[in-house]
There are 2 protein chains.
Amino acid sequence: MARLPLYLRALSALSERGVPTVSSEELAAAAGVNSAKLRKDLSYLGSYGTRGVGYDVEYLVYQISRELGLTQDWPVAIIGIGNLGHALANYGGFASRGFRVAALLDADRAVAGQRIAGMVVRHMDDLEQIVRDDRVSIGVITTPAPAAQGVCDRLVAAGITSILNFAPTVLAVPEGVDVRKVDLSIELQILAFHEQRKSATDAGPTLPPTAPPPAGTAARGDRGGDLPEVMPA
Amino acid sequence: MARLPLYLRALSALSERGVPTVSSEELAAAAGVNSAKLRKDLSYLGSYGTRGVGYDVEYLVYQISRELGLTQDWPVAIIGIGNLGHALANYGGFASRGFRVAALLDADRAVAGQRIAGMVVRHMDDLEQIVRDDRVSIGVITTPAPAAQGVCDRLVAAGITSILNFAPTVLAVPEGVDVRKVDLSIELQILAFHEQRKSATDAGPTLPPTAPPPAGTAARGDRGGDLPEVMPA
DNA sequence: AGGCTTTTGTGAACGTGTGCACAAAGCTGA
DNA sequence: TCAGCTTTGTGCACACGTTCACAAAAGCCT
Ligand SMILES: NC(=O)c1ccc[n+]([C@@H]2O[C@H](COP(=O)([O-])OP(=O)(O)OC[C@H]3O[C@@H](n4cnc5c(N)ncnc54)[C@H](O)[C@@H]3O)[C@@H](O)[C@H]2O)c1
Ligand SMILES: NC(=O)c1ccc[n+]([C@@H]2O[C@H](COP(=O)([O-])OP(=O)(O)OC[C@H]3O[C@@H](n4cnc5c(N)ncnc54)[C@H](O)[C@@H]3O)[C@@H](O)[C@H]2O)c1
């Protein structure tokens with residue numbers, strides 16, 4: 001379940017505040033989900049709440065941590081130490097949850113060798129060896145989009161089966177390899193879409209809900225005239 | 001539809017390569033989705049393909065751009081110019097799709113005044129004015145988690161109705177405000193979860209699929225002894 | 001000790017998204 | 001002009017996730 005990390009975060013906060021137990025209602029509110037959904041999720045991991053009382057916070061934290069595999073540490077390698085790679089390398093939020101930045105790598109020999117966040121950036125030549133020696137299990141790709149697939153292939157060849165991709169590309173991977181992507185532009189575009197909807201309904205039907213296609217002849221052919229050249233490159 | 005940006009990206013790539021038309025099958029492969037799904041998605045926006053030929057790339061790019069509201073530009077403000085805020089400010093991928101970084105803001109007076117990516121970082125005091133004058137419609141929150149809700153409230157009060165949140169918190173917002181979150185730790189935890197599943201099935205049932213709760217007496221009470229203190233803070 | 005209150009765990013209905021499969025539509029070439 | 005081929009658009013069935021609602025369980029108070 002993809003919501004477990006959310007619950008875990010809310011529970012950790014409660015735990016820090018010394019709260020001993022929590023009801024599904026409270027926890028659901030903190031995580032921003034429906035309480036029935038939360039209870040069903042928790043029941044999946046065979047968890048035990050106490051009727052009339054709620055869930056024991058500490059116990060639940062432990063259970064979810066174990067279910068997510070957070071009781072062991074996961075060495076992470078970051079590939080492509082540019083703007084974003086820098087930020088991630090300097091980010092302290094990883095270590096607190098069992099993730100350890102084991103290596104930073106870059107193809108640029110001017111970047112390799114630099115010290116960032118207390119680590120020396122390694123060159124891509126050493127990738128396979130680093131993965132092997134440090135038992136890296138998760139690769140984070142922060143290279144430019146054109147390089148992402150190549151890097152991905154090398155990571156997979158080196159034995160990595162979990163990849164977090166920040167480059168705006170669809171990565172092709174063999175079966176058994178998990179890829180998750182974080183895509184800024186897509187998030188912004190979705191926001192823009194909703195924003196447009198809002199202003200459209202506010203200001204009346206300037207844009208019809210369903211855009212009528214160019215009538216008559218065809219959707220193809222000579223349309224050079226009526227297409228403003230506003231489309232993004 | 002949250003997949004439109006994906007299609008748009010694939011289409012833009014095709015457009016740059018001069019490809020005039022594309023079949024649903026090809027486009028679906030490029031976007032990593034099912035072809036029937038893609039056709040259904042496109043049919044929602046009343047789009048016109050040509051049977052026996054496929055879709056006109058340029059026309060589709062225009063249609064999707066318009067549907068997503070990408071024919072206008074969206075001024076974006078980034079709040080919290082630390083590691084991540086820096087990276088985003090320096091990122092060139094926004095402008096290419098109609099998003100314009102209109103302002104960088106920070107609460108730290110040592111940060112405000114700095115030039116980053118050709119812009120001067122403004123102080124939070126000016127937030128309301130900047131939002132008003134520059135017609136900022138999307139706010140990006142890259143402050144530490146504890147500050148996020150406060151910043152969010154101010155953005156909403158200033159009239160912003162679309163927020164992209166990088167801080168690991170659930171933001172409470174009034175109806176009509178859209179929040180999308182990008183959460184690194186959650187992505188990593190999901191990867192770790194699957195990774196653990198994989199190694200568990202490989203190496204036999206070291207961890208049972210369903211974790212049996214502590215038997216007998218209760219799930220509560222004296223459990224100080226059998227809980228290893230490995231849970232993340 | 002027994003009833004009352006609180007809260008879990010879950011059965012069942014519902015809505016949504018997904019994918020198959022096929023008929024209709026349009027192009028191409030003879 | 002017409003047959004044949006390709007590809008779209010969509011009806012339909014299915015699977016999944018979500019939510020409601022309620023009975024059973026546990027604690028608490030008298
Ligand atoms: N910076 C952001 O805020 C941001 C936001 C969203 C998405 N992205 C995406 O993240 C990726 C990185 O962005 P960035 O701004 O950090 O770019 P960048 O150009 O600053 O950094 C890219 C780094 O990758 C290295 N690199 C290039 N090819 C490589 C290869 N084959 N192997 C290893 N390393 C290689 C380069 O040497 C460079 O250091 C891009 O795909 C970008 O689209 C960035
Ligand atoms: N750096 C990363 O790679 C990364 C990754 C995932 C998530 N995050 C999250 O993104 C957020 C920012 O991370 P970071 O590494 O850039 O942190 P950072 O500490 O480097 O930067 C935070 C910035 O926000 C400013 N700030 C603090 N309170 C503010 C307020 N009330 N109003 C306006 N500005 C304020 C600070 O002055 C600072 O410049 C954090 O919530 C972090 O958890 C960061």
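- If you take CG of B:Leu60 and P of D:dT8, they are 11 Å apart, rounded to a whole angstrom.
- Between A:Asp56 atom CG and C:dT8 atom C1' the separation is 15 Å, expressed in whole Å.
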Open item on the list: Working note: B:Tyr91 + A:Asn83, criterion side chain to side chain contact (heavy atoms under 4.5 Å, CB included); need CA distance, chi angles, decisive distance, verdict.
Closed with: CA-CA 8 Å; B:Tyr91 181 48; A:Asn83 286 317; 5.7 Å; no

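- Contact annotation: B:Ser24 reaches the phosphate of D:dT8 (side-chain N/O to OP1 or OP2, under 4.0 Å).
- Every residue two or more places apart in sequence or in another chain that forms a side-chain contact (heavy atoms from CB on, under 4.5 Å) with A:Phe166 is listed here: A:Leu84, A:Leu88, A:Val140, A:Thr142, A:Leu164, A:Val182, B:Leu184.
- Residues satisfying the side-chain contact (heavy atoms from CB on, under 4.5 Å) test with A:Val22, not counting sequence neighbours, are A:Leu11, A:Leu14, A:Glu26, A:Leu27, A:Tyr55, A:Val57.
- For the pair A:Gly52 and A:Asn34, both in contact range of DNA chain D, the more 5′-proximal nearest nucleotide belongs to A:Asn34.
- Taking atom CZ of residue A:Arg3 and atom C1' of nucleotide D:dT18, one finds them 9 Å apart after rounding to whole Å.
- For residues 165-191 of chain A, the set of pairs meeting the salt bridge (charged side-chain N to carboxylate O under 4.0 Å, His left out) definition, not counting sequence neighbours, comprises A:Asp178-B:Lys198, A:Arg180-B:Glu187, A:Asp183-B:Arg9, A:Glu187-B:Arg180.
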For a quick test of your reading: what N or O donor-acceptor pairs under 3.5 Å do the side chains of residues 30-37 of chain B make, sequence neighbours left out?
residue	atom	partner	partner atom	Å
B:Asn34	OD1	B:Ala36	N	2.7

Quick one: which protein N/O atoms are closer than 3.5 Å to N/O atoms of nucleotides 28-30 of chain C? Pair and distance per line, please.
none

Output one line per pair: protein atom, nucleotide atom from nucleotides 9-11 of chain C, and distance, for all N/O pairs under 3.5 Å.
residue	atom	partner	partner atom	Å
C:dG9	OP1	A:Gly49	N	2.9
C:dG9	OP2	A:Tyr55	OH	2.5
C:dG9	O4'	A:Arg51	NH2	3.0
C:dG9	N7	A:Arg39	NE	2.8
C:dG9	O6	A:Arg39	NH2	3.1
C:dG11	O6	A:Lys40	NZ	3.2

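- Interatomic distance, CG of B:Leu4 versus CG of B:Leu70, reported as 10.5 Å (0.5 Å rounding).
- For B:Pro146, the side-chain contact (heavy atoms from CB on, under 4.5 Å) partners at least two apart in sequence or on another chain are B:Pro144.
- Remark: B:Val173 engages B:Cys152, B:Val156, B:Val177, B:Val179 in a side-chain contact (heavy atoms from CB on, under 4.5 Å) (not counting sequence neighbours).
- Between B:Met1 atom CE and C:dT16 atom C1' the separation is 10 Å, expressed in whole Å.
- Residues passing the salt bridge (charged side-chain N to carboxylate O under 4.0 Å, His left out) test with A:Arg3, sequence neighbours excluded: A:Asp41.
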Please write out the pairs of protein N or O atoms and N or O atoms of nucleotides 1-3 of chain C separated by less than 3.5 Å, giving the distance to one decimal.
none

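- Remark: B:Arg100 pairs with B:Asp73 by the side chain to side chain donor-acceptor pair (under 3.5 Å) rule, at least two apart or across chains.
- Between A:Glu25 and B:Val33, the residue whose closest nucleotide on DNA chain C is further toward the 5' end is A:Glu25.
- Rounded to a whole Å, the CG atom of B:Asp41 is 10 Å from the C1' atom of C:dG17.
- The nearest whole Å value for the distance from the NZ atom in A:Lys37 to the P atom in D:dC16 is 17 Å.
- Applying the salt bridge (charged side-chain N to carboxylate O under 4.0 Å, His left out) test to pairs two or more places apart or on separate chains, those with a residue in residues 150-160 of chain A are A:Glu128-A:Arg154.
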